[in-house]
Amino acid sequence: MSIRRLPENLVNRIAAGEVVERPASAMKELVENAIDAGARRIHIRLSGGGIDAILVEDDGCGIARDEIALAFERHATSKLPDAAIEAVTTLGFRGEALPSIASVAQLTLESRTAAGDGWAVHIDNGRMATAQPVAMTQGTRVAVNALFEKIPARRKFLRSPRAEYAACLDAARRLAMARGDIGFVFEHDGRSIFNLPAGQDRLHRVAALTDRALADNSVAIEIMRGTMRLSGVAGLPTFHRGMADHQYLFVNGRPVKDKLLSGAVRGAYADMLSRDRHAVVALFLDLPGDEVDVNVHPAKAEVRFRDPQFVRGLIVGGLRAALDAGGNRAAQPASAAAMALWKIEGGQIEGGQVPPFAATGGYARTANFFAAPQRRFDQFNALAPLAGQAVSAPTDAGALDAPLGIARGQIGATYIIAEATDGLVLVDQHAAHERLVLERLRRDASGSGVAAQQLLLGDVVEMEEVACDRLEDAARDLAVFGLEIERFGPAAMLVRATPAPLGHVDCARLLRDIADDLAAHDAPLSLPERIEHVAATFACHHSVRAGRVLSAAEMNALLREMEATPHSGQCNHGRPTWVKLDFADIEKLFARR
Ligand code: ADP
Ligand code: MG
């Protein structure tokens with residue numbers, strides 16, 4: 001058999017197999033071209049998940065009439081001025097996207113430069129069909145219809161329009177997030193999904209694309225290490241989600257997906273979120289071109305870092321530093337939804353004059369309210385006789401000015417009520433205490449180590465052999481937390497000392513919890529990170545329980561310690577430890593405003 005060159009159209013189709021996997025990848029290429037063309041505004045319109053049609057319109061530099069044909073040739077690009085691949089700052093540079101997409105769809109491109117006239121070409125699955133003048137303003141419009149219609153082998157791998165749409169939305173979000181300076185409009189089947197003005201700052205752009213409330217529930221990240229810079233937005237731990245779908249990474253302005261991100265984020269939030277909850281983050285990493293290879297795959301947004309551990313450390317460190325600086329910032333102000341739960345005779349707070357049982361939501365809640373009248377009554381009765389003390393006498397005259405105010409009482413033996421200069425503060429005593437114990441353990445562990453309380457005889461705890469193996473492996477790290485254990489035969493551990501700050505400890509229970517924790521985090525986390533979890537377990541099981549009556553002095557001590565402790569705004573599971581009702585909110589409750 002003689003050797004022959006593949007026909008051009010076949011080459012393009014083969015390339016399309018890499019570059020154009022699905023509508024989202026075609027859309028991404030077109031939007032990247034618009035960005036590279038210096039567009040200020042980009043309009044994306046899809047129908048049928050992009051399988052039926054993708055339209056991308058921009059007001060960028062346009063393509064000159066006599067260069068349009070060249071744009072559809074393979075490896076023809078305007079983006080490699082000095083042919084130095086490492087120095088490329090545009091999103092594209094391979095010159096593969098347009099010919100690839102055009103080889104597997106009906107594609108119409110219309111374009112006009114500042115100096116020239118508008119010109120339109122239509123390409124039908126790789127064959128130039130028509131070319132003609134068109135009236136238009138400067139910019140480019142590309143319409144891709146009937147993707148893969150002539151290529152059943154590819155078409156059958158497409159998922160439902162819904163799923164394809166979701167992939168398009170994700171890609172569009174990432175591109176729009178990277179470029180707050182550009183205005184983006186995104187529509188699907190005639191519905192406007194987002195419409196973002198040009199020139200949005202980063203926080204507002206990220207919030208508009210994830211959750212508007214993020215703007216008030218996040219901290220800014222800004223950290224330099226060597227030649228690398230990390231900036232971005234990180235949601236407070238209380239602002240968590242059930243899915244890790246809002247975690248974004250941009251490397252030198254390019255959206256990328258990298259496994260490293262989710263691991264690093266998990267590490268940074270390790271002891272502030274429970275395992276099934278996820279933080280919202282958008283991180284922008286800028287580093288010299290030789291530290292990263294963005295060229296790993298022609299279309300999949302993968303990168304290869306020269307020193308992944310360093311990058312991981314930068315992300316964990318940057319997030320931690322930002323969350324520390326955000327410190328004990330309140331979780332959230334009492335949310336509108338929570339406010340609506342405060343019932344008053346005559347209607348809901350915000351609802352104005354809603355009669356008590358008219359609104360369906362209000363009715364349901366009101367019904368619940370009466371469903372357990374006895375319990376409520378009991379809780380109110382518990383309003384602090386504060387171990388016999390005069391409740392209102394401040395134990396510390398200055399405390400009223402403190403952010404969390406001065407303790408005025410306790411309800412349900414669970415919540416502390418405090419008065420601050422600007423309103424009422426409610427504290428969940430168990431959640432707060434748990435957090436304080438953890439921070440104390442952590443502080444001591446990173447210093448001289450947590451004090452150990454020696455047990456006179458040692459406590460033998462029998463457990464499964466694998467659990468013993470895990471504990472034995474971690475023994476040295478656990479000793480830093482004041483927990484001294486040794487192997488005691490194949491299926492038992494000997495506890496010699498326990499962490500002093502925990503006071504009396506149920507050794508068997510503690511060891512079992514730790515072994516479970518170590519098992520749960522076996523794979524994804526490094527040992528130091530797992531030990532962080534272990535510290536959280538210590539704290540959780542050995543803190544002031546809900547249901548304990550506290551003295552005024554104890555409550556005020558707790559409030560003061562919270563103010564002085566980083567991260568005290570949320571418990572180890574990401575729930576808020578305290579909420580505040582401003583006087584303004586209280587006035588609303590009483591219809592004074
Ligand atoms: P690449 O982006 O890698 O250069 P493409 O096949 O995506 O390759 O595009 C080929 C060329 O067509 C680009 O280099 C650019 O000159 C031109 N081009 C494509 N889309 C646009 C656009 N929206 N505006 C201006 N020029 C464009
Ligand atoms: Mg391109």
Side-chain angles (χ1 to χ4, degrees), residues 8-9 11-21 23-45 54-105 107-123 126 128 131 134 136-144 147 171-172 174-175 178-179 182-185 253-255 294-301:
E8 170 95 356
N9 201 27
V11 173
N12 286 334
R13 284 195 181 178
I14 292 169
E18 291 181 355
V19 182
V20 196
E21 243 171 49
S25 39
M27 183 209 76
K28 168 176 164 287
E29 293 291 340
L30 298 178
V31 175
E32 287 184 350
N33 281 348
I35 293 173
D36 286 345
R40 309 314 313 153
R41 193 168 169 282
I42 298 175
H43 198 136
I44 306 162
R45 219 173 284 159
I54 304 168
L55 182 79
V56 176
E57 192 175 346
D58 68 62
D59 58 358
C61 63
I63 312 175
R65 174 180 164 175
D66 56 351
E67 290 197 336
I68 289 183
L70 194 57
F72 285 95
E73 269 177 37
R74 264 175 82 68
H75 305 309
T77 177
S78 57
K79 300 173 190 175
L80 263 185
D82 303 318
I85 287 201
E86 293 74 24
V88 164
T89 54
T90 50
L91 295 167
F93 59 81
R94 289 190 185 81
E96 286 183 312
L98 284 183
S100 301
I101 300 169
S103 73
V104 293
L107 185 148
T108 305
L109 178 141
E110 300 165 302
S111 196
R112 181 180 163 179
T113 58
D117 295 320
W119 193 251
V121 297
H122 178 74
I123 298 169
M128 186 72 83
V134 61
M136 64 185 295
T137 55
Q138 185 189 332
T140 303
R141 193 153 57 209
V142 183
V144 176
L147 187 68
R174 288 171 194 270
L175 290 162
R179 294 298 297 264
I182 302 177
F184 280 88
V185 179
R254 214 179 263 269
V294 291
N295 208 353
V296 177
H297 188 281
K300 288 214 191 83

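For the numbers below, each heavy atom of this structure counts, side chains included, while hydrogens, waters and symmetry mates do not. Treat the numbers as computed from the prediction; the structure is a model and nothing was measured. Indexing begins at 1, ligand by ligand and atom by atom, following the structure's order.
- Annotation: atom 14 (O) of ligand 1 to nearest protein heavy atom, S78 N, 3.0 Å.
- When only non-hydrogen protein atoms are considered, atom 25 (C) of ligand 1 lies nearest to A37 CB, 3.5 Å.
- Protein heavy atom at the shortest distance from atom 22 (C) of ligand 1 is T140 OG1, 3.7 Å.
- The line from CG of L175 to CD1 of I42 is 8.0 Å long, rounded to the nearest 0.5 Å.
- Among all non-hydrogen protein atoms, the one lying nearest atom 2 (O) of ligand 1 is K79 NZ, 2.7 Å.
- Here T77 fails the criterion, with no N, O or S atom under 2.8 Å of the Mg ion (ligand 2).
- The only option from V121, I54, V142 that meets the side-chain contact (heavy atoms from CB on, under 4.5 Å) definition with L107 turns out to be V142.
- The closest approach between any non-hydrogen atom of E96 and ligand 1 is below 4.0 Å.
- The shortest N or O to N or O distance between A97 and ligand 1 is below 3.5 Å.
- Atoms of ligand 1 found under 4.0 Å from any heavy atom of P99 (numbered from 1 in listed order, with element): 6 (O).
- Residue H43 holds its NE2 atom at 12.0 Å from CG of D58, rounded to the nearest 0.5 Å.
- At least one heavy atom of G95 lies less than 4.0 angstrom from ligand 1.
- When side chains are defined from C-beta on, I101 counts as touching E29, because their heavy atoms get closer than 4.5 Å.
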List the steps, then state whether side-chain contact (heavy atoms from CB on, under 4.5 Å) holds for R141 with L55.
CA-CA 7 Å; R141 193 153 57 209; L55 182 79; 3.9 Å; yes
Show the numbers, then the answer: is there a side-chain contact (heavy atoms from CB on, under 4.5 Å) between V104 and L147?
CA-CA 6 Å; V104 293; L147 187 68; 4.0 Å; yes
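- Among protein heavy atoms, atom 6 (O) of ligand 1 sits closest to L98 N, 2.9 Å.
- If you check which protein heavy atom lies closest to atom 23 (N) of ligand 1, you get D58 OD2, 2.9 Å.
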R45 vs V56, test: side-chain contact (heavy atoms from CB on, under 4.5 Å). Steps then yes/no.
CA-CA 7 Å; R45 219 173 284 159; V56 176; over 6 Å; no
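- Shortest contact from atom 18 (N) of ligand 1 to any protein heavy atom: I63 CD1, 3.5 Å.
- Going from atom CD1 of I44 over to atom CG of L30 covers 9.5 Å, rounded to the nearest 0.5 Å.
- Between the CD1 atom of I35 and the NZ atom of K28 there is a distance of 10.0 Å, given to the nearest 0.5 Å.
- Here L30 has no heavy atoms under 4.0 Å from ligand 1, in either its backbone or its side chain.
- Residue-ligand proximity, A71 to ligand 1, at heavy-atom distances under 4.0 Å covers atoms 10 (C), 12 (O).
- Of the candidates V31, N33, L70, it is N33 that places a heavy atom closest to atom 7 (O) of ligand 1.
- Within ligand 1, counting atoms from 1 as listed, the ones closer than 4.0 Å to a heavy atom of T77 are 1 (P), 4 (O), 14 (O).
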Set out, in order, the CA-CA distance, both residues' side-chain angles and the distance that settles side-chain contact (heavy atoms from CB on, under 4.5 Å) for V134 and D117, then state yes or no.
CA-CA 8 Å; V134 61; D117 295 320; over 6 Å; no
